[in-house]
Amino acid sequence: MYRAVIIYAPAEDQMQQLVHRLEECFDRDSYEVEVKAADQSTIPDLTAADLFLLGSLPDGGKPIHPDFSEILRALGGITLAGRVGGVFSVDSEPTVQAFRQALKDCELVLSDHSFLNLRAHQPDPTVLRGWVAALTRQLEDQARGR
């Protein structure tokens, strides 16, 4: 069984609904999924997971919500090699790009499909399922040594 974690901020209704939809996209026979607000999360939450999703909305002129400040600080000195990561936001390409920059030295294999910037209207369930499926496929391929 693989372990996945979804870490998000802010802990508000719009983001919680999106996170719930993403959580439902995982195959529960293969993935144990934990969901945590960023202000309740630490680096061990990331390092204990095989796959992680980080989701944020901008806040106060900052592209990544301040609830991620502790995690962002720690990302500068850790390796996440062997894991698969994904980043999502809603109508905020600067958020996606800021996470791309924060994760660049963590020894992750990141491609453009690792990053998802959704539109504010109801996110298309097909897009969410397809994104999660691509990330889980990447992890499963890595586990098989491909």
Side-chain angles (χ1 to χ4, degrees), residues 1-12 14-118 123 125-146:
M1 170 124 353
Y2 296 105
R3 293 186 62 190
V5 64
I6 304 171
I7 300 174
Y8 68 97
E12 295 173 358
Q14 175 192 16
M15 189 60 107
Q16 288 173 332
Q17 287 179 21
L18 175 56
V19 166
H20 180 70
R21 286 190 182 124
L22 286 166
E23 181 182 13
E24 290 176 339
C25 294
F26 284 88
D27 173 2
R28 290 313 185 106
D29 291 332
S30 300
Y31 287 85
E32 176 185 322
V33 182
E34 184 176 7
V35 174
K36 294 189 88 169
D39 64 351
Q40 301 296 312
S41 301
T42 62
I43 287 298
D45 294 317
L46 289 177
T47 60
D50 301 300
L51 185 151
F52 63 86
L53 302 180
L54 303 177
S56 180
L57 299 177
D59 184 72
K62 295 184 179 188
I64 299 175
H65 196 279
D67 287 354
F68 272 99
S69 61
E70 195 60 38
I71 290 174
L72 291 173
R73 190 173 12 266
L75 286 176
I78 66 165
T79 180
L80 296 170
R83 292 166 187 79
V84 170
V87 169
F88 63 96
S89 190
V90 178
D91 283 335
S92 182
E93 189 61 31
T95 299
V96 171
Q97 293 306 319
F99 269 123
R100 183 186 298 262
Q101 185 67 26
L103 292 167
K104 74 177 180 143
D105 294 327
C106 292
E107 299 177 349
L108 281 168
V109 176
L110 296 169
S111 66
D112 287 341
H113 84 267
S114 302
F115 302 92
L116 183 63
N117 185 23
L118 297 159
T126 305
V127 170
L128 298 179
R129 279 192 304 275
W131 185 59
V132 170
L135 294 171
T136 58
R137 198 168 34 254
Q138 179 185 343
L139 176 63
E140 292 160 10
D141 287 348
Q142 278 180 203
R144 286 191 294 269
R146 291 186 181 175

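Excluded from the calculations below are hydrogen atoms, water molecules and symmetry mates; all remaining heavy atoms, backbone and side chain alike, are included.
Using a 4.0 Å cut-off between charged side-chain N and carboxylate O, Arg83 and Glu107 make no salt bridge.
Of the candidates Leu128, Leu116, Val96, Thr95, Phe88 forms a side chain to side chain contact (heavy atoms under 4.5 Å, CB included) with just one, namely Leu116.
Evaluation of the salt bridge (Lys or Arg N to Asp or Glu O under 4.0 Å) test over residues 37-51, restricted to residues two or more places apart or in two chains, returns Lys36-Asp45. Within the structure, salt bridge (Lys or Arg N to Asp or Glu O under 4.0 Å) pairs that include any residue of residues 58-75 comprise Glu70-Arg73 (at least two apart or interchain).
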With side-chain contact (heavy atoms from CB on, under 4.5 Å) as the criterion, how do Leu18 and Gln14 come out once you've worked through the C-alpha distance, each side chain's angles and the decisive distance to 0.1 Å?
CA-CA 6 Å; Leu18 175 56; Gln14 175 192 16; 5.9 Å; no
Could you give me the CA-CA distance, side-chain angles and deciding distance for Leu80 and Phe52, then say whether side-chain contact (heavy atoms from CB on, under 4.5 Å) is met?
CA-CA 10 Å; Leu80 296 170; Phe52 63 86; 3.8 Å; yes
Go through it in stages, so that I can follow the logic: the residues are Ile71 and Leu46, the test is side-chain contact (heavy atoms from CB on, under 4.5 Å), and I'd like the CA-CA distance, side-chain angles, deciding distance and then a yes or no.
CA-CA 9 Å; Ile71 290 174; Leu46 289 177; 4.1 Å; yes
Passes side-chain contact (heavy atoms from CB on, under 4.5 Å), Asp91 versus Leu57? Steps please.
CA-CA 8 Å; Asp91 283 335; Leu57 299 177; over 6 Å; no
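Ile43 has its side chain within reach of Leu75: a pair of non-hydrogen atoms, C-beta onward, lies under 4.5 Å apart. Residues Glu23 and Ile6 meet the side-chain proximity criterion, which asks for heavy atoms closer than 4.5 Å. For the pair Arg100 and Asp112, the minimum side-chain heavy-atom distance is below 4.5 Å.
Remark: Arg3 engages no residue in a salt bridge (Lys or Arg N to Asp or Glu O under 4.0 Å) (not counting sequence neighbours). Asp29 meets the salt bridge (Lys or Arg N to Asp or Glu O under 4.0 Å) test with no other residue; sequence neighbours excluded. The side-chain hydrogen bond (donor to acceptor under 3.5 Å, both in side chains) check on Thr47 picks up nothing, with sequence neighbours excluded. Take His113 and apply the side-chain contact (heavy atoms from CB on, under 4.5 Å) test, not counting sequence neighbours, and it matches Ser111, Ala134, Leu135, Gln138.
Here the closest heavy-atom approach between residue Ile7 and residue Ala38 is recorded as CG2-CA, 3.6 Å. Summarising the geometry of Ala102 relative to Cys106, their closest heavy-atom pair is O-SG, 4.1 Å, with the distance given to 0.1 Å. The heavy-atom pair separating Trp131 from Ser114 by the smallest distance is CZ2-O, 3.5 Å. Across all non-hydrogen atoms, the minimal contact from Gly85 to Leu110 is O-CD2, 3.8 Å. Nearest approach of Leu139 to Gly82, heavy atoms of both residues: CD1-O, 4.3 Å. Across every non-hydrogen atom of His65 and Ser56, the tightest pair is N-OG, 2.9 Å.
In this structure, SG on Cys25 lies 12.5 Å from OH on Tyr31, to the nearest 0.5 angstrom. Rounded to the nearest 0.5 angstrom, Phe26 CZ and Leu51 CG are separated by 5.0 Å. In this structure, the separation between CD on Gln97 and CD1 on Ile64 is 10.5 Å, given to the nearest 0.5 Å. To the nearest 0.5 Å, atom CZ of residue Arg21 and atom CD of residue Gln16 are 13.0 Å apart. Atoms CZ and CG, on Phe68 and Leu54 in that order, are 5.0 Å from each other to the nearest 0.5 Å.
Side-chain contact of Glu24 with His20: a donor-acceptor pair under 3.5 Å is present, judged by distance alone.
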